[in-house]
Amino acid sequence: RIAKERIAILFDEAAKAAKEDPELAKRYMKLAKRIGMRYNVRLGKLRRRFCRYCYNYFLPGKTSIHRLKNGRITIKCLSCNKVIRYPYR
């Protein structure tokens, strides 16, 4: 329970920091991922808010491009140019 609270706090701080300091937001994302792995806490829908390759926090239009296409959400990270796809109904 404490780990989930800490992860939620880190995501909130990353959302605030992503506008001014993207490197600090990346650090928060790495910490949240490590806490989740150490205490076996699933991130669930929160994992869609950052790049799994470079830990860049997604701000649509600034750090990522979001598109809806063929029943999928396509997110392109502008930091590492990786494309992540999620299905939707």
Side-chain angles (χ1 to χ4, degrees):
R1 189 188 67 157
I2 295 170
K4 280 188 177 183
E5 290 174 9
R6 181 69 177 144
I7 289 170
I9 291 169
L10 284 169
F11 269 90
D12 291 339
E13 291 297 318
K16 293 175 190 172
K19 296 172 186 165
E20 292 89 27
D21 189 8
E23 291 301 317
L24 185 60
K26 282 185 184 185
R27 175 80 176 132
Y28 289 150
M29 291 296 96
K30 283 183 184 179
L31 285 172
K33 176 86 174 189
R34 286 179 66 196
I35 289 171
M37 289 171 65
R38 175 175 287 163
Y39 295 105
N40 199 15
V41 175
R42 292 178 183 248
L43 295 179
K45 298 271 183 181
L46 290 176
R47 69 168 209 239
R48 295 182 181 197
R49 292 170 58 187
F50 69 97
C51 180
R52 66 177 73 149
Y53 301 103
C54 69
Y55 298 100
N56 191 23
Y57 186 81
F58 289 145
L59 285 176
K62 187 170 183 180
T63 61
S64 64
I65 297 172
H66 294 236
R67 297 282 184 254
L68 300 176
K69 186 176 180 182
N70 296 332
R72 285 186 267 174
I73 300 170
T74 303
I75 302 171
K76 181 178 180 183
C77 178
L78 295 178
S79 177
C80 64
N81 290 325
K82 295 282 187 176
V83 176
I84 304 168
R85 294 176 185 91
Y86 298 107
Y88 73 92
R89 294 182 190 144

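Count residues from 1 along the sequence.
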Considering residues at least two apart in sequence or located in another chain, which fulfil the side chain to side chain donor-acceptor pair (under 3.5 Å) criterion with [X]?
{"X": "Ser79", "value": "Lys26"}
{"X": "Tyr57", "value": "Arg49"}
{"X": "Ser64", "value": "His66"}

[X]: what forms a side-chain contact (heavy atoms from CB on, under 4.5 Å) with it, not counting sequence neighbours?
{"X": "Arg85", "answer": "Arg72, Thr74, Val83"}
{"X": "Leu78", "answer": "Ile65"}
{"X": "Tyr53", "answer": "Cys51, Cys80, Lys82, Ile84"}
{"X": "Leu68", "answer": "Ile73, Tyr88"}

Step by step, work out the side chain to side chain contact (heavy atoms under 4.5 Å, CB included) result for Tyr86 and Arg47. CA-CA 11 Å; Tyr86 298 107; Arg47 69 168 209 239; 4.2 Å; yes
Is it true that Phe11 and Ile75 fall in one hydrophobic cluster, defined by side-chain heavy atoms closer than 4.5 Å? no
Examine Phe58 and Leu46 and state if one hydrophobic cluster contains both, with Ile, Leu, Val, Met, Phe, Trp and Tyr joined whenever side-chain heavy atoms are less than 4.5 Å apart. no
Is it the case that atom [atom1] in [X] sees more than 12 heavy atoms from other parts of the structure closer than 6.0 Å?
{"X": "Asn40", "atom1": "CG", "value": "no"}
{"X": "Arg48", "atom1": "CZ", "value": "yes"}
{"X": "Tyr39", "atom1": "OH", "value": "no"}

Can you name the closest pair of heavy atoms from Ala3 and Val41 and give their distance? CB-CG2, 3.9 Å
Identify the two heavy atoms, one from Asn56 and one from Cys77, that lie closest to each other, and give their separation to 0.1 Å. ND2-SG, 3.6 Å
So, taking the atom named [atom1] in [X] and the one named [atom2] in [Y], what distance separates them when rounded to the nearest 0.5 Å?
{"X": "Ile9", "Y": "Leu31", "atom1": "CD1", "atom2": "CG", "value": "12.5 Å"}
{"X": "Arg27", "Y": "Leu24", "atom1": "CZ", "atom2": "CG", "value": "9.0 Å"}
{"X": "Met29", "Y": "Ile7", "atom1": "CE", "atom2": "CD1", "value": "9.5 Å"}

Closer than 3.5 angstrom, by distance alone: can the side chain of Lys30 be matched with the main-chain N or O of Tyr55 as a donor-acceptor pair? no
Please name all residues satisfying salt bridge (charged side-chain N to carboxylate O under 4.0 Å, His left out) with Lys16, sequence neighbours left out, ordered by chain then number. Glu13
Any side-chain heavy atom of Met37 within less than 4.5 Å of one from Lys33? yes
